[in-house]
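Every heavy atom of this structure was used, including side-chain atoms; hydrogens, water molecules and symmetry mates were not.
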Amino acid sequence: MKLTEMSAEELASFKAEVQKKYDDFKAQGLSLNMARGKPSAEQLDLTEGLLTAVKSSEDCFAEDGTDCRNYGGLDGLPEAKALFAPMLGVTPDELIICGNSSLNIMYDTIAKFMLFGTGDGEKPWKDTKVKWLCPVPGYDRHFLITEKMGFELVNIPMDKNGPDMDMVEKLVAEDDTIKGIWCVPMYANPTGTTYSDEVVKRLAAMTTKAKDFKIFWDNAYCIHHLSDTPDTLLNILDECEKAGNPDRVYMLASTSKVTFPGAGVAMIASSEKNIKYLKSMMTVQTIGYDKINQLRHVKFFGTYENLMEHMKKHRAIIEPKFKIVLDTLEKEIAPLGIGSWEKPNGGYFISFNALNGCAKRICQLCKEAGVVLTGAGATYPYGKDPDDSNIRIAPTFPPENELKVAADVFATAVKLASAEKLLAE
């Protein structure tokens, strides 16, 4: 029976029963974590061979004879660019291999645009008001970058196809202070949504009043599939070129959840014009990124096909964890009608929508019972979810036995918070 259909007496009885179960969990002194999308230790072990892929100074030479121990190679080893270009569907000339963090590249690129402009002939963003479009729910660290830069963040609702394009097109056509949009286009954080072909084409072709409008296309989960029928994503760089906007998009990816998050490689791709512009500014800040680490990755994987085979090993570890959480929600929450979620086809998260006004209470209850979640509101700019509804669940890090307990605690907290909410109405 759905909670919303219960009488006050039935709700009170339900709450008392759930409260007892919750108190039992609380008494166990649990310490469990479903807060961040971190790979588990078992996943990190998959790439242990990376540590010895370069064994000695004799192994430190690239295919063209470059000594990777020395300076140079601003945009990355040619063989590293060739290995990773297929991840984003670009040519090596459209790609720069950087350090270990795509988040760092995004921050750094926007900082460059703040100080020097985008290379489109417009003035630097520090000299003008800047608004930024933020599909919600979305990635908290994206929002923080643009928030810390002083941009005004504008919520754009997400649906099963991606951001609300009617709203996006209207806003960008009317307001030249809107300079860009965050996008996690495949297995989006946290919803798991993959943008439809129509959304990709409309983003590429839309008329923008700002001549220096940019799409930051963070394709972080593009090879993190969880099924035998993975989603497909249209290549936005190709679509931008077809639409006459070849310099509109910056595409990003990394191996943070493929090899070692603290010692992977990250990349940015764009039009050759944009890449040339970025390189002209990079020469001031570095003489080259960690080529030995790039070489490690090349030696460890060899080919892009081997990289994709490696991702099947990741799937074998994390797919059962997603099943634990989804099965718990289906069994414990679905019959009560007090939450909604989608089964993602890839990525690292499950996006849970509670009854309006319950997300903060659910997170509080979980914390008091020893289960840490991403804070309620984190999936919205400024940490403010207008409905206090969305919670991001990250199943990948805990061992399966701990995850089962954490999922049960979460379901219990959802029931208790929902009953409290309905009884108070």
Side-chain angles (χ1 to χ4, degrees), residues 88-91 93-96 102 105-135 138 142-143 145-156 162-185 195 198-219 234-252 268-285 381:
L88 292 173
V90 299
T91 67
D93 289 338
E94 296 167 330
L95 187 75
I96 298 173
S102 58
I105 303 174
M106 288 180 263
Y107 183 96
D108 186 70
T109 303
I110 290 179
K112 287 181 170 74
F113 294 166
M114 285 285 286
L115 292 170
F116 308 111
T118 60
D120 297 300
E122 300 297 300
K123 58 187 176 183
W125 289 354
K126 66 179 174 58
D127 297 330
T128 184
K129 180 177 181 179
V130 177
K131 297 179 185 175
W132 200 270
L133 304 184
C134 300
H142 282 168
F143 302 154
I145 290 174
T146 37
E147 179 185 343
K148 294 297 183 184
M149 293 290 180
F151 300 175
E152 179 183 331
L153 308 186
V154 181
N155 290 3
I156 302 294
D164 180 341
M165 285 307 301
D166 289 344
M167 184 176 180
V168 170
E169 287 168 339
K170 182 177 188 300
L171 289 172
V172 299
E174 297 173 349
D175 191 343
D176 64 358
T177 69
I178 297 176
K179 299 296 187 182
I181 183 171
W182 289 119
C183 293
V184 183
Y195 290 12
E198 180 188 358
V199 165
V200 176
K201 289 179 178 180
R202 290 173 72 176
L203 283 166
M206 64 188 181
T207 299
T208 65
K209 193 168 184 181
K211 295 178 182 179
D212 50 354
F213 180 91
K214 300 299 177 186
I215 299 170
F216 274 68
W217 196 253
D218 184 6
N219 213 351
L234 204 59
N235 187 309
I236 193 170
L237 191 59
D238 290 346
E239 294 303 317
C240 284
E241 187 170 345
K242 291 176 189 175
N245 300 308
D247 307 321
R248 175 171 288 179
V249 66
Y250 285 89
M251 307 164 75
L252 300 114
I268 184 168
S270 191
S271 67
E272 290 193 32
K273 175 189 170 185
N274 283 349
I275 292 298
K276 183 178 180 181
Y277 179 63
L278 285 184
K279 285 168 65 176
S280 73
M281 290 186 286
M282 283 170 55
T283 57
V284 180
Q285 67 181 140

Non-hydrogen atoms of [X] and [Y] that approach each other most closely:
X: Met167; Y: Asn155; result: CE-O, 3.4 Å
X: Arg202; Y: Glu169; result: NH2-OE1, 2.7 Å
X: Asp176; Y: Ala210; result: O-CB, 3.4 Å
X: Leu237; Y: Ser271; result: CD1-N, 3.9 Å
X: Gly89; Y: Asn235; result: O-ND2, 2.8 Å
X: Cys134; Y: Pro381; result: CB-CG, 3.7 Å

- Query: Would you call Lys273 and Asp120 a side-chain contact if the rule is heavy atoms closer than 4.5 Å?
  - Reply: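 Sidechains of Asp120 and Lys273: in contact.
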- Query: Looking at side-chain heavy atoms only, is the closest gap between Tyr195 and Pro135 below 4.5 Å?
  - Reply: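 With C-beta onward as the side chain, the pair touches.
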Given 3.5 Å as the limit, does a donor-acceptor pair link the side chain of [X] with the main chain of [Y], or not?
X: Ser270; Y: Val249; result: yes
X: Asp247; Y: Asn274; result: no
X: Thr109; Y: Met106; result: no
X: Arg248; Y: Ile215; result: no

- Message: Are more than 12 heavy atoms, taken from residues, nucleotides or ligands other than Glu147, located less than 6.0 Å from that residue's CD atom?
- Response: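 Count over threshold, so yes.
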- Task: Just do the side chain to side chain contact (heavy atoms under 4.5 Å, CB included) check on Met251 and Glu94 with the steps written out, would you?
- Result: CA-CA 10 Å; Met251 307 164 75; Glu94 296 167 330; over 6 Å; no
- Is Lys242 salt-bridged to Glu239, going by a charged N under 4.0 Å from an acidic O?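 Result for this pair is yes, salt bridge flagged.
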- Candidate pair Trp182 and Leu153, rule side chain to side chain contact (heavy atoms under 4.5 Å, CB included), full reasoning: CA-CA 10 Å; Trp182 289 119; Leu153 308 186; 5.7 Å; no
Exercise answer: donor-acceptor pairs, residues 124-132 side-chain atoms, under 3.5 Å, sequence neighbours excluded:
from, atom 1, to, atom 2, distance (Å)
Trp125, NE1, Asp212, OD2, 3.0
Lys129, NZ, Glu152, OE1, 3.4
Lys131, NZ, Asp175, OD2, 2.8

- Message: Let's go through Asp164 and Lys170 carefully: what are the C-alpha distance in whole Å and the side-chain angles of both, what is the deciding distance for salt bridge (charged side-chain N to carboxylate O under 4.0 Å, His left out) to 0.1 Å, and is it a yes or a no?
- Response: CA-CA 10 Å; Asp164 180 341; Lys170 182 177 188 300; over 6 Å; no
- Begin from the C-alpha positions of Ile156 and Leu171 and carry the test side chain to side chain contact (heavy atoms under 4.5 Å, CB included) through to its verdict. CA-CA 10 Å; Ile156 302 294; Leu171 289 172; 3.8 Å; yes
- Message: side chain to side chain contact (heavy atoms under 4.5 Å, CB included) for Leu133 and Ile178? Distances and angles first, verdict last.
- Response: CA-CA 7 Å; Leu133 304 184; Ile178 297 176; 3.7 Å; yes
- Item | Test applied, side-chain contact (heavy atoms from CB on, under 4.5 Å); reference residue, Ile110; option that passes from Lys214, Lys179, Lys148, Met149 |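 By the side-chain contact (heavy atoms from CB on, under 4.5 Å) criterion, Ile110 pairs with just one of Lys214, Lys179, Lys148, Met149: Met149.
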- Message: For the CD1 atom of Ile96 and the CD1 atom of Ile105, what is their distance to the nearest 0.5 Å?
- Response: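 With rounding to 0.5 Å, CD1 (Ile96) is 8.5 Å from CD1 (Ile105).
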